[in-house]
Amino acid sequence: MKKFTNSGNIDTRSGFGAGMDELGKTHEDVVALCADLTGSLKLNDFAKNHPERFFQTGIAEANMIGMAAGMTIGGKIPYATSFANFATGRVYDQIRQSVAYSGKNVKICASHAGLTLGEDGATHQILEDLGLMKMLPGMTVINPCDFNQTKAATIAIADHDGPVYLRFGRPSVPNFTEADGKFEIGKALHLVEGSDVTILATGHLVWHALEAAEALEEKGISAEVINIHTIKPLDDEAILNSIKKTRCVVTCEEHNYLGGLGESVSGLLAKNDPVYQEFVATNDTFGESGTPAQLMEKYGLNTKSIVEAVNRVLAKK
Amino acid sequence: MPNTKQLEDFVSQVRRDIVRQVHQVSSGHPGGSLGCTEFFVALYQEVMKRKEGFDMDGKDEDLFFLSNGHISPVFYSVLARSGYFPVEELNTFRKIDSRLQGHPTTHEGLPGIRIASGSLGQGMSVALGAAQTKKLNGDDSLVYSLHGDGELQEGQNWEAILYAAGNKVDNLIATIDLNGQQIDGSTDDVLNMGSVRAKFEAFGWDVLDVEKGNDIEAIIAGLNEAKSRTGKGKPVCILLHTIMGHGVDFMMNGHAWHGKAPNDEQLEKALAQNPETLGDY
Ligand SMILES: Cc1ncc(C[n+]2csc(CCOP(=O)(O)OP(=O)(O)O)c2C)c(N)n1
Ligand SMILES: [Mg+2]
């Protein structure tokens, strides 16, 4: 199978910061808003180089989202940033009414998503944000897998006219996608060709899916791995074409199985081509404090969990 | 009632617990915790009317809510050393399968905690609700709460501040940790709030300043004064002027230690400045 090399572990939020640096130079209309988390969102350079385009709101996320919506009126492209919990759940109605329903070109950019923020614990570990955001009409939902892809996505969404939710994380993870590659919203990426099972993964789980495919290959199982970086709009065609061949699917995400990528895939398949599906996702639970690796192990979100899910789905097929 | 020396010894031990907890897992928030150590010790060891043991409803005892949940290390240390759970459990802070989550939670059932906090700005509403219930129950004990000054930037606080005055919730004493610091810098630089006193007063609260917010005697006097002002038709606010990182010299004077753990060498320095008095966990 095709091998991917890790060019070095680095956090996806730094990919966001790098993308913002780039946008600072290329897109005059891009402005950034931040609620007392400049360093955590890797916005220090943007803030330093473009102080007139950087808006510190203080610890006031609801005001930040409303301001971002207002700043689009007159042509700015606001990137409103916080930790994923405070950028979504905390401000849901502000996003719903002032951004989504009003059709405003706001980019909601959220770090520290999922369990892997680690020790801060469940109050900060949102596992429901993909669901919250994908349910909003007109919202594009993107969850890139590594530094390079997060940087590319950060840049690409500036040229997409409409609200976007961009989700990334805190831990250092393998960086393996092409540097300075082009990011196409809504276009799933075939990483590994296979014939026995389709593995659809998003975010931090993509690397684990590749590792799982390698482990499965040694057992004589041919897994197809697709990187679903865009959860909405979902790349229906890529998924259905793969399923036609493999006849079963495992979906992988750092999110509750309710409301996440897996559920979107289930809906697509139920309508078009029902096959067995296994979910690698959290099982309707809150997270807790721990190291990222411990948490991914305990909540069943690592390479081993994907291999086990593949074995379960193959047994049913 | 413990004497001042005993309270100061308690404070010294709590400071050790704070830096040791945070050091052990290389994460957590020592700055705000150290700055509020004397306040917590005064509250739990001297001022609050508390019953033996812990039950959620806390009838006929004073209640405390920590809204700025990131300063959990000081809360956990004082709770443990006030008898709510074994002191050894401080060893599990922020580790997997622990009751001592990064931010306080009821989910794991830790005695002493009545509400989750960590997402800022929600605690005053909860304290208000509990204060209203005390009135409904004919329970004349008090509700205390603590909030960060940066945290006051969250709009929900101001909804609660309005409600409390508008509805004469006068069994509530809300303390603001006025350390002038938050994550991105000083509160003045991040979002200048002007006079916090003038704002609370304009909203109809009875406000008192404790200028020496790291002096245990001054805090006790301030809390007792605040207590004497309850039941008079106005919610009471204490502006507690603290120093972030107080008691560990290199953590003071700035926001750098808001959420940063000391390394081994820094831990030793911090411990040297705060003698072991009640026994390390
Ligand atoms: C709703 C929400 N937004 C952002 C954060 C991240 N955060 C944690 S502590 C903090 C700063 C708090 O400042 P302050 O209340 O003054 O506490 P201090 O730094 O003095 O301890 C921020 C922004 C959070 N926990 N909750
Ligand atoms: Mg502060």
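Here is how names work: the chains are called A, B, and so on, in the same order as the sequence lines, proteins then strands, and each is numbered from 1. All values derive from a computational prediction rather than experimental measurement.
Of the listed residues (A:T123, A:T57, A:D36), the greatest number of heavy-atom pairs within a distance under 4.5 Å of chain B belongs to A:D36. In terms of non-hydrogen atom pairs under 4.5 Å with chain A, the most contact-rich of B:L152, B:I183, B:L191 is B:I183. Between chain B and the options A:G58, A:G121, A:C34, the largest number of non-hydrogen pairs under 4.5 Å is found for A:G58.
A donor-acceptor pair under 3.5 Å links the side-chain atoms of A:S289 to the main chain of B:G102, judged by distance alone. With hydrogens and angles ignored, the 3.5 Å screen pairs no side-chain donor or acceptor of B:R94 with any backbone N or O of A:G118.
Residue contact with chain A, scored on non-hydrogen atoms closer than 4.5 Å, is absent for B:S72. Interface residue B:Q156: only side-chain heavy atoms are found under 4.5 Å from chain A. Residue contact with chain A, scored on non-hydrogen atoms closer than 4.5 Å, involves the backbone and the side chain of B:D97 alike. Of the two parts of A:S40, neither the backbone nor the side chain holds a non-hydrogen atom closer than 4.5 Å to a non-hydrogen atom of chain B. For B:H70, no part lies under 4.5 angstrom from a heavy atom of chain A. The contact between A:F286 and chain B is made entirely by side chain atoms (from C-beta outward), counting heavy-atom distances below 4.5 Å.
Scanning both residues, A:F86 and B:S119, for their nearest heavy atoms gives CE2-OG, 3.3 Å. Here the shortest heavy-atom pairing between B:Q101 and A:E288 reads OE1-CA, 3.2 Å. Taking both residues in full, the closest heavy atoms of A:D120 and B:H103 are given as O-ND1, 2.9 Å, listed atom of the first, atom of the second, then distance. Closest approach of B:D184 to A:Q56, counting heavy atoms only: OD2-NE2, 2.8 Å. Considering all non-hydrogen atoms of both residues, B:I96 and A:K298 come closest at CD1-CD, 3.9 Å.
Listed by first and then second residue, the salt bridge (charged side-chain N to carboxylate O under 4.0 Å, His left out) pairs that reach into residues 52-68 of chain A come to none, sequence neighbours excluded.
Shown here is B:R197, whose CZ atom has more than 12 heavy atoms of other residues, nucleotides or ligands within 6.0 Å. By the 6.0 Å contact criterion, CZ on B:F250 is enclosed, its count of non-hydrogen atoms from other residues, nucleotides or ligands being greater than 12.
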